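Contents: one structure, followed by commentary.
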2 protein chains.
Amino acid sequence: MLGLKLRELRESNGLVQRQIAAQLEVDTAYISKVENEEKPISKIHISKLAQIFKIPEKELLKMWLADKIYELIIDEENPLDVLKSVQRQIVQNTINQDNKKMAI
Amino acid sequence: MLGLKLRELRESNGLVQRQIAAQLEVDTAYISKVENEEKPISKIHISKLAQIFKIPEKELLKMWLADKIYELIIDEENPLDVLKSVQRQIVQNTINQDNKKMAI
DNA sequence: TTACATTTGACCATTGAAGTACAAGTTTTA
DNA sequence: TAAAACTTGTACTTCAATGGTCAAATGTAA
């Protein structure tokens, strides 16, 4: 998913893989594989990519994380279920923390 | 989160760590660390644990996955946001697949 | 006290993923 | 058709996380 997005970003910026590769100082083969989702893009490249494409680093980072999670659960029977339960845990957690603060 | 759950399960079944350790054929120290969330529980033990506690393996597996995801995003600024975007991706994906099927 | 249960810290081997390179092949485009 | 762009397969290294162990310390309950 992120690979595809990166390809779109690159193309809409009128760049070829070689140029991205140069800026990240990696092989063009790596870029190709990333765009074709054969390899994950390394987190350490996110900030430079954000620069190149002139988008907020945070946004790209969020996509990067979402991608990781996606890969983790997509083969499960019921991925949305799992997401829901994580969600519940986080919400519950926040509530507990707030309660603790109130108690002080 | 899962560690705590496992502790609860163990205690509500009236078992001590040594007994769990014996069944999994690991050191009690490992069990202790798992329950205290210092180490993740290995996936390969899930099925045996489900047996021991007499709960569906699927349920435990789901918790295991949820835990992984939780660890992945909990330090982010906006973990719920990330979850939402994964959710969207999955839903979108499902729709696309359905459309493809319809086209056949 | 004694014995059992749990925790802790230090340590270590294994494994799998990440990151990368290179060469050779295929596609695209001028 | 030639050059540029891209893809693909294989292979190598490195690195962090995992999955533990052991011994010693600490807690706890009879």
Side-chain angles (χ1 to χ4, degrees), chain A residues 1-53 60-61 63-76 86, chain B residues 1-53 57 60-61 63-76:
Chain A
M1 305 258 60
L2 183 52
L4 186 64
K5 184 75 187 170
L6 290 175
R7 164 160 290 165
E8 283 167 10
L9 281 167
R10 176 175 62 80
E11 288 177 345
S12 72
N13 280 263
L15 298 168
V16 297
Q17 290 180 351
R18 183 173 35 77
Q19 296 174 294
I20 308 290
Q23 297 228 35
L24 302 187
E25 301 181 80
V26 298
D27 197 305
T28 67
Y30 178 52
I31 303 300
S32 170
K33 283 169 188 168
V34 165
E35 290 188 356
N36 289 292
E37 324 248 336
E38 282 160 49
K39 298 267 183 179
I41 182 73
S42 168
K43 198 177 184 181
I44 65 168
H45 293 136
I46 292 297
S47 97
K48 189 150 286 182
L49 286 171
Q51 273 180 236
I52 298 174
F53 300 139
L60 211 48
L61 213 48
M63 288 192 226
W64 182 85
L65 245 188
D67 208 55
K68 287 262 170 251
I69 295 176
Y70 183 88
E71 295 300 326
L72 209 53
I73 59 174
I74 197 53
D75 291 331
E76 285 308 303
V86 180
Chain B
M1 303 257 61
L2 183 51
L4 186 64
K5 184 76 188 171
L6 290 175
R7 164 160 290 166
E8 283 166 11
L9 280 167
R10 175 175 63 79
E11 289 177 345
S12 73
N13 279 263
L15 298 168
V16 296
Q17 290 180 351
R18 182 174 35 78
Q19 297 175 291
I20 309 290
Q23 298 227 36
L24 303 188
E25 302 181 80
V26 298
D27 197 302
T28 69
Y30 179 52
I31 304 299
S32 170
K33 281 169 191 172
V34 165
E35 291 188 354
N36 289 293
E37 323 247 337
E38 282 161 48
K39 299 271 180 176
I41 182 73
S42 169
K43 198 177 182 181
I44 65 168
H45 294 135
I46 292 297
S47 97
K48 190 150 285 181
L49 286 171
Q51 274 179 234
I52 298 173
F53 299 139
E57 180 172 344
L60 210 49
L61 214 48
M63 289 190 224
W64 182 85
L65 244 188
D67 208 55
K68 288 264 170 246
I69 295 175
Y70 183 89
E71 296 300 327
L72 208 53
I73 60 172
I74 197 54
D75 291 331
E76 285 306 304

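Residue numbers begin at 1 in each chain, while the letters A, B, ... track the order of the sequences. Only a predicted model underlies this, so the values are computations on that prediction, with no experimental measurement involved.
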query = Is there side-chain contact between A/T28 and A/V16, with heavy atoms separated by less than 4.5 Å?
reply = no
ask   = Does A/Q17 use its side chain to pair, donor to acceptor, with the backbone of A/I31 at less than 3.5 Å?
value = no
ask   = Which side chain to side chain donor-acceptor pair (under 3.5 Å) pairs, counting each pair once, include a residue from residues 42-53 of chain A, with sequence neighbours left out?
value = none
request  = Return each pair, listed once, that meets salt bridge (charged side-chain N to carboxylate O under 4.0 Å, His left out) where at least one residue sits in residues 14-30 of chain B; pairs must be two or more places apart or across chains.
outcome  = none
request  = Confirm from the modelled atom types if B/K33 and D/dT21 form a donor-acceptor pair under 3.5 Å, side chain to base only.
outcome  = yes
query = Using the C1' atoms of the five pairs at each end, what is the angle between the end axes of the helix from C/dT1-D/dA30 to C/dA30-D/dT1, to 10°?
reply = 40°
Got a list of side-chain donor-acceptor pairs under 3.5 Å for residues 63-73 of chain B, not counting sequence neighbours?
from	atom 1	to	atom 2	distance (Å)
B/W64	NE1	B/I41	O	3.0
B/D67	OD1	B/L2	N	3.2
B/Y70	OH	A/N93	ND2	2.2

message = Donor-acceptor pair, distance only, cut-off 3.5 Å: does the side chain of B/E57 make one with the backbone of B/A50?
response = no
key: Sequence-distant partners of B/E38, side-chain contact (heavy atoms from CB on, under 4.5 Å), two or more places apart   = B/K33, B/N36
Mind listing the N/O atom pairs, protein and nucleotides 15-17 of chain D, below 3.5 Å?
none

ask   = Got a second to check how far B/L9's CG is from B/L60's CG, nearest 0.5 Å?
value = 7.5 Å
message = So which atom in B/P40 and which in B/V34 form the shortest heavy-atom distance, rounded to 0.1 Å?
response = O-CG2, 4.2 Å
message = Which residues in residues 63-71 of chain A have a heavy atom closer than 4.0 Å to any atom of DNA chain D?
response = none
Below 3.5 Å between N/O atoms, which protein atoms pair up with nucleotides 27-30 of chain D? Just atom names and distances, please.
none

query = In residues 6-24 of chain A, which residues come under 4.0 Å of DNA chain C by heavy atom?
reply = none
ask   = If only atom types and distance count, is the side chain of A/Q23 paired as donor or acceptor with the main-chain N or O of A/I52 below 3.5 Å?
value = no
request  = Would you give a per-nucleotide map of nucleotides 23-30 of chain C, 5' to 3', where B means the base has a protein non-hydrogen atom under 4.0 Å away, S means only the sugar-phosphate does, and - means neither?
outcome  = --------
ask   = In terms of the nearest nucleotide of DNA chain C, which residue is placed more toward the 5' end: B/E35 or A/V26?
value = B/E35
task = Determine: side-chain N/O of B/S32 to OP1/OP2 of C/dT6, distance under 4.0 Å, yes or no.
result = no
query = So which pairs with a foot in residues 1-10 of chain A pass salt bridge (charged side-chain N to carboxylate O under 4.0 Å, His left out), sequence neighbours left out?
reply = A/R7-A/E35, A/R10-A/E35
message = Please report the interatomic distance OH(A/Y30) to CD1(A/I20), rounded to the nearest 0.5 Å.
response = 13.0 Å
task = Could you check which residues of residues 36-49 of chain B get a heavy atom under 4.0 Å from DNA chain C? Sort them by number, please.
result = B/N36, B/E38
